[in-house]
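Notes to accompany the following structure.
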Amino acid sequence: MAPKGHFKFDDEGFNDRAPATTNINKALEEKKEKQEKQEKQKKAEKFEKFQQQTQPQPHSPQLNGEKSSQQQQQQSQVLNKKRKREDNDRDGQKRHQVKREDNDREGQRRHQGHSGKELNGKSERLNNNGKGRNGSPVNSSLKAKANALLSKRKDLPIWAHQSEIRQSLAKKNVMLLVGETGSGKSTQVPQFLSTEPWCRPQMVKVAKDGKGPIEDLSVGGCIAITQPRRVAAISLARRVAEEMGTPLGNSSPASTVGYSVRFDNSISRNTKIKFLTEGMLLQEMLRDPWLRQYSAVVVDEIHERGVNVDLVAGFLQKMVSGKNEGRGGIPLKVVVMSATADMEGLLKFFDAGFKQPTAAVNGKGQKAIKKDEEETEWSGISSDDNKASKKAYGTPNGTVSKPGPNTDSKSNALVKKHKNGNPEGDESAPFTEFDPVKFGSPHISVCFIEGRQFPVKIFYTPEPVQDFVDAALHSIFQIHYKEPLPGDILVFLTGQDTVENLEQLVREYASGMSPELPKLLVLPLFAALPQAAQQRVFQPTPPKTRKVILATNIAETSVTVSGVRYVIDCGKVKIKQFRNRLGLDSLLVKPLSKSAAIQRKGRAGREAPGQCYRLYTEKDYLQLAQANTPEILRCDISQAILTMKARGIDDIINFPFLDRPPREALEKALLQLYQLGALQDDGAISEVGLKIAKLPLTPSLGRVLLAAANPDMDCLLEAIDIISALSVENVFLNLTSEEKKEEAETARRDISRREGDHLTLLATVQAYAGENSDRKAWSERHFVSHRAMQAVMDVRKQLRAQTTHLPISADDIVAYDSRTYAVTPERAGLILRCFLKGFSHNTARMMPDGSYKTIIGNQTVAIHPSSGLFGKKVEAIMYNEFVFTNKSYARGVSGVQMDWVGEALA
DNA sequence: GAGCACTGC
């Protein structure tokens with residue numbers, strides 16, 4: 001029977017007083033709302049008609065073998081073709097489609113899969129195997145394929161803007177481009193620009209490092225496009241290579257399109273278009289602050305606002321408004337692209353650089369943000385920290401505490417505006433203040449591209465919902481009873497616990513359903529789910545069945561599931577927030593932002609008109625924050641600060657932040673870097689700091705690595721093994737049943753160490769690396785994640801390669817890798833003391849009652865149940881992470897001696 | 001007695 005009663009939407013179930021507007025850009029929306037509505041209706045009608053005509057589709061012969069015979073995918077494929085909507089966004093749907101074509105053509109990639117997420121494993125490492133195929137037959141077939149793709153490209157919404165984009169960038173060096181999903185911006189903009197006259201390499205005479213002798217250097221010729229995720233960088237590069245008829249990356253010296261992501265660099269001498277992750281561009285900036293190989297940098301998906309993209313934006317803002325001395329005066333073109341970003345804020349941000357080249361946004365902007373730091377209840381250790389910080393840097397002349405003297409009210413307003421967004425802006429509200437013409441800048445052009453999305457109808461609950469799991473349950477069955485097939489349901493929940501609760505409830509209710517109704521196939525989806533279980537989501541829906549996917553935020557950006565027409569949005573999201581005063585990460589359930597709500601809603605309208613059920617009231621929706629809090633405002637920024645220092649930014653206070661971290665966060669980060677020895681007394685970066693900044697590690701772990709390389713300690717290879725394991729999540733599998741846990745305990749006996757998690761990880765990595773016959777079987781025997789261990793080995797390899805300047809030789813490595821004896825207790829102590837060099841602040845001592853209190857701050861902390869030391873009592877502990885969920889937990893824990901801690905703190 | 005999502009020469 002259908003669940004009924006206490007939960008329902010307005011008007012006999014559903015309330016549709018808030019019709020969907022799928023166009024996110026409000027400026028466009030205002031102008032085009034009517035026109036679009038009509039268009040969309042037409043489109044929808046057309047689609048319905050088409051769907052009726054094409055319902056039973058024969059299987060496509062060219063795509064046999066692969067899962068392409070799956071009805072659903074094929075349907076969407078045919079649909080795409082018919083509608084000439086070549087998908088150009090970078091999510092899973094397209095990825096697996098593109099990838100599948102690769103497989104059919106070349107059959108050379110392993111780890112075949114259908115989700116973008118799966119690509120996100122280690123599989124992309126091996127994608128350059130089809131080398132040496134640049135003979136003329138292949139080239140001509142590449143060209144033929146590119147020609148075939150051209151007509152699809154011409155149908156993209158962005159194609160009509162081609163000359164506008166070219167002309168704008170010929171005149172102005174900065175362009176802001178808003179384009180919705182499906183507009184084609186990520187694939188087409190680089191191609192438009194790569195043939196422009198300004199994109200050719202030029203020889204200039206310039207002093208290479210700013211001071212030395214004048215040299216002839218080449219500047220420009222290449223375009224960089226940044227992406228927040230590795231999969232996106234790789235799949236976009238592959239797609240653009242196909243469209244241009246060129247081999248991809250390092251498969252041929254003739255290749256003009258490549259990519260660069262961690263563990264996988266695929267470029268050639270002739271690369272003109274290079275997709276890379278934001279972090280990768282930052283690393284390139286450390287090596288060449290002037291980015292001399294590039295004529296242009298395209299920052300894509302800036303609205304996601306990871307820490308790295310904020311730093312990239314700051315560096316670029318300084319660069320475009322500077323004199324380009326290091327580039328022989330040749331300007332760098334910058335294109336900033338986004339689906340939803342606050343373009344007004346971005347325009348002002350870049351414009352401020354031109355107006356005030358040295359201090360675009362200054363210190364006072366903090367005020368607007370500071371209220372976000374709701375840390376009053378955490379006042380425990382703050383005063384100590386503040387004192388220490390002031391002592392280290394001094395208020396009047398320190399690099400740190402200097403308040404911005406030349407406060408500019410405009411830029412304050414910018415910070416404030418940017419922070420708060422459009423306060424009353426609901427999706428359909430006109431973005432009243434923004435007018436590209438009015439805000440036009442002599443340096444910056446703005447371009448809006450319409451997207452392609454089906455309309456999605458929004459329903460709100462009439463009353464606030466107490467229990468969203470219960471509400472979601474009712475919504476699922478309301479949809480299932482009311483709406484015809486096909487049309488799968490995607491439910492956004494907060495975490496594994498809510499997913500599993502709801503999963504059980506839906507199964508219970510479904511078992512009592514009338515047998516005449518279509519069946520429900522309930523599928524959970526969250527990051528910690530084993531790979532095989534995640535894959536079930538991408539398998540075709542069986543006949544007379546409706547899929548119900550219960551997902552965390554993983555489905556918001558990382559993974560696209562086809563077939564979804566109904567989205568249920570619980571209105572909450574679990575986010576990590578760093579508490580500066582405690583050095584503690586909190587994982588909390590919070591209301592999501594409007595742009596995230598819009599993103600979730602959009603998942604229903606990718607293949608057909610859809611519906612979105614919001615488990616909150618319209619009033620609550622209107623009160624949501626406009627955008628997600630940028631990561632830089634809610635994470636430990638010590639690594640970001642160190643990157644800036646290493647890049648030559650000494651005056652952190654006057655750095656042009658897109659959103660300025662509160663002073664407290666800056667001080668905390670600077671203090672921590674100072675305590676690690678990465679900064680000198682005057683706040684300048686030290687030798688140690690420079691070395692740490694070049695490592696792909698947090699400053700703490702980088703410090704450990706340097707300590708271990710010290711001849712007195714001499715345990716670098718051991719430290720690298722542990723650090724590699726610590727930088728990968730969940731080496732050990734999550735075990736649910738008691739039996740499994742006991743079984744695992746026995747199986748892991750040979751790799752468990754009583755000293756704690758660090759040495760257990762060391763033993764695990766050593767044993768895994770020493771297993772030469774079948775590592776997968778070894779992992780299964782030990783209840784260890786093989787996927788995680790592959791990632792560990794990647795990091796380990798990278799760290800070994802990066803530390804060759806440190807005192808280890810190839811012989812040392814051979815000797816280390818061939819040894820079989822266990823680490824002695826003495827050596828274990830030595831290793832832990834190295835870790836204390838980076839983690840002295842993450843220590844706690846046992847109290848007489850058996851609880852632990854942090855040595856700095858005297859906070860109660862419990863050992864996380866995932867730790868091998870859980871339930872054990874030792875004199876003192878050192879831990880890798882301090883996390884608050886239900887209470888404060890230490891994760892990655894080892895026992896240490898108090899005198900070691902004293903030695904490290906001294 | 002517990003696990004949002006990404007990412008790095």
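Just so it is clear: chains get the letters A, B, ... in the order the sequence lines come, proteins before strands, and each one is counted from 1.
A:Y889 and A:E881 share no side-chain donor-acceptor pair at under 3.5 Å. Checking A:E301 against A:S186 by side-chain atom types alone, no donor-acceptor pair falls below 3.5 Å.
For A:R230, counting side-chain heavy atoms from C-beta on, the closest listed nucleotide (B:dA2, B:dA5, B:dT7) is B:dT7. Nearest to the side-chain atoms of A:P865 among the listed nucleotides B:dC6, B:dC4, B:dG1 stands B:dG1.
Rounding to whole angstrom units, CG of residue A:N553 and P of B:dC4 are separated by 11 Å. Atom P of nucleotide B:dT7 and atom CG of A:D264 are separated by 13 Å, given to the nearest angstrom. Computed from coordinates, the A:N308 CG to B:dC6 C1' distance equals 10 Å when rounded to whole Å. If you take CG of A:L529 and P of B:dC4, they are 12 Å apart, rounded to a whole angstrom. Straight-line distance from the CD atom of A:E729 to the C1' atom of B:dG3: 9 Å, rounded to whole Å. In this structure, A:F732 atom CZ and B:dG1 atom P are separated by 22 Å, rounded to whole Å. A:L592 places its CG atom 17 Å from the P atom of B:dC4, with the value rounded to the nearest Å. Rounded to an integer number of Å, the gap from CD1 of A:I554 to P of B:dT7 is 11 Å.
Along DNA chain B, the nucleotide closest to A:L697 and the one closest to A:F526 are compared, and the more 5′ of them pairs with A:F526. Comparing A:Q798 and A:T494 along DNA chain B, the residue whose closest nucleotide (by nearest heavy atom) sits nearer the 5' end is A:T494.
Between A:H864 and B:dG1 there is no side-chain polar atom (N or O) within less than 4.0 angstrom of OP1 or OP2. Put simply, A:T557 has no side-chain N or O that comes within less than 4.0 Å of OP1 or OP2 on B:dC6.
Looking at heavy-atom distances under 4.0 Å, A:L282 makes no contact with the nucleic acid at all. No contact: A:S727 has no heavy atom under 4.0 Å from any strand. A:E284 comes within 4.0 angstrom of nothing in the nucleic acid, heavy atoms only. Contacts of A:K741 with the nucleic acid, taken as non-hydrogen atoms under 4.0 Å apart, include base atoms.
Applying the side chain to side chain donor-acceptor pair (under 3.5 Å) test between A:Y259 and each of A:D264, A:N265, A:T271, A:T277 identifies A:D264 as the sole match.
The two residues A:V893 and A:S867 come nearest to each other via the heavy atoms CB-OG, 3.7 Å.
Remark: A:R647 is positioned above the aromatic ring of A:F315, its terminal NZ or CZ atom under 6.0 angstrom from the ring centre and at most 45 degrees off the axis.
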